[in-house]
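What you see is a predicted model; the values in this text were computed from it and never measured. First listed ligand is number 1; within each ligand, the first listed atom is number 1.
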Amino acid sequence: MLDMEYLLYKTMAFLVLGLCSCQNEILLDGPLNGSVGGSVVFNLTNPPSKPPSKISWISPSNIEIFALLGNTEVMHPDYTGRVSVNKATASLELRSLTLMDTGEYTLSITTDVARQGKTSLTVFENISHPIISINGTPIAGNSSVNLTCDAQGTIVTREWTKDEKPLSPSNSTILHEENRILSIDPVEKEDEGQYTCTLINPFSSVSENYDLVVNYGPLSVHISPAPEVTPGDRVSLDCSADSVPPASFTWMFNKTQIGDKSQLVIEKVDQSHAGMYTCTALNSITALSLSEEQMLRVNGGIGSEGPSDDVLPDGAIAGIAIGTIAGVALVGGSVAFGTKKAGVW
Ligand SMILES: *[C@@H]1O[C@H](CO)[C@@H](O)[C@H](O)[C@H]1NC(C)=O
Ligand SMILES: *[C@@H]1O[C@H](CO)[C@@H](O)[C@H](O)[C@H]1NC(C)=O
């Protein structure tokens with residue numbers, strides 16, 4: 001029985017309190033949003049049935065913005081020129097908003113009874129100057145990077161896309177600090193692409209892009225086959241590598257460095273150019289290097305039956321050819337060539 005009595009008491013208390021608060025509370029629209037420089041109107045959801053004899057609006061910092069008592073009205077100097085009050089409804093318009101206007105506003109009015117209500121205002125500064133900064137060097141497979149998205153203004157939410165599709169977080173792609181930081185660990189080649197961060201508040205939305213380039217390699221080094229040449233000809237060997245950023249190259253001949261460009265040119269080939277050519281590709285960011293070797297053999301031409309023999313003077317070197325297939329010898333043995341990966345042969 002005690003329980004029933006208690007319940008009844010609680011119910012009565014609720015009803016009485018509820019009625020009291022309905023009578024004495026002003027309902028104000030809100031919470032309200034405003035933008036810096038803009039304006040808001042604090043409206044009453046239940047306006048008074050007749051003009052109040054007393055109105056008082058109190059600011060978040062407890063300044064009385066506006067007071068009406070009978071025929072006397074007072075406007076606080078801090079608010080002069082940017083406040084209007086409707087004396088029939090007690091609603092207040094606040095203009096030229098600043099971030100300082102954020103907070104809770106209290107209205108007291110007296111018609112037959114005194115009533116009070118509160119609402120809050122949040123002022124947002126438009127978002128501008130977005131920037132994405134990168135921390136770390138993206139190297140495929142063994143590094144991590146953070147992309148940090150910032151801007152000026154009042155930021156409510158941040159969203160990320162990659163190549164214009166919503167970013168899907170994974171074991172290696174994680175968002176921190178309410179999407180401010182996008183962390184990729186480890187970075188892989190597939191992470192390359194355009195990342196977009198969009199910063200949003202109720203009054204503005206701004207986007208910024210970042211093109212992420214993932215460094216890797218060199219993965220493979222290739223020496224282009226030179227055409228078959230005869231002594232006196234110009235020979236060019238081209239070295240290439242799969243590498244980001246592009247690799248730098250060095251050429252070695254018989255263990256001596258003879259070039260530092262991707263292309264090695266021998267203006268007039270002769271017997272002394274026969275031997276082992278090595279191209280080394282170096283990636284300055286990954287600090288990795290990879291080499292490819294190519295053997296160049298030159299036959300003296302005596303008794304050879306190579307296709308170019310008949311255009312050569314007596315005793316001349318039969319010819320030079322450079323190829324990329326290991327172990328292949330040309331007809332007549334005039335020229336033989338081969339390639340190998342450094343350290344694999
Ligand atoms: C005010 O802004 C907040 C975001 O901070 C939003 O959730 C809310 O819906 C906005 N209210 C109005 C009335 O626009
Ligand atoms: C380069 O090496 C090859 C084979 O080791 C040798 O036959 C040739 O004479 C060398 N050439 C030079 C210019 O050192």
Which protein N or O atoms sit under 3.5 Å from any N or O of ligand 1? Give atom names and distances.
{"from": "ligand 1", "atom 1": "2 (O)", "to": "N33", "atom 2": "OD1", "distance (Å)": "3.2"}
{"from": "ligand 1", "atom 1": "2 (O)", "to": "N33", "atom 2": "ND2", "distance (Å)": "2.4"}
{"from": "ligand 1", "atom 1": "11 (N)", "to": "N33", "atom 2": "ND2", "distance (Å)": "2.8"}
{"from": "ligand 1", "atom 1": "14 (O)", "to": "N33", "atom 2": "ND2", "distance (Å)": "3.2"}

Charged N to carboxylate O below 4.0 Å: is that the case for D112 and K50? yes
Salt-bridge present (D101, R95; N to O < 4.0 Å): no
More than 12 heavy atoms from other groups under 6.0 Å of CD on E267: yes
When N146, I174, L212 are each screened for side chain to side chain contact (heavy atoms under 4.5 Å, CB included) with I184, the one that passes is L212
Give a yes or no on whether the backbone of T256 and the side-chain of W251 come within a donor-acceptor separation of less than 3.5 Å. no
Donor-acceptor contact present, side-chain S143 to main-chain T137, <3.5 Å: yes
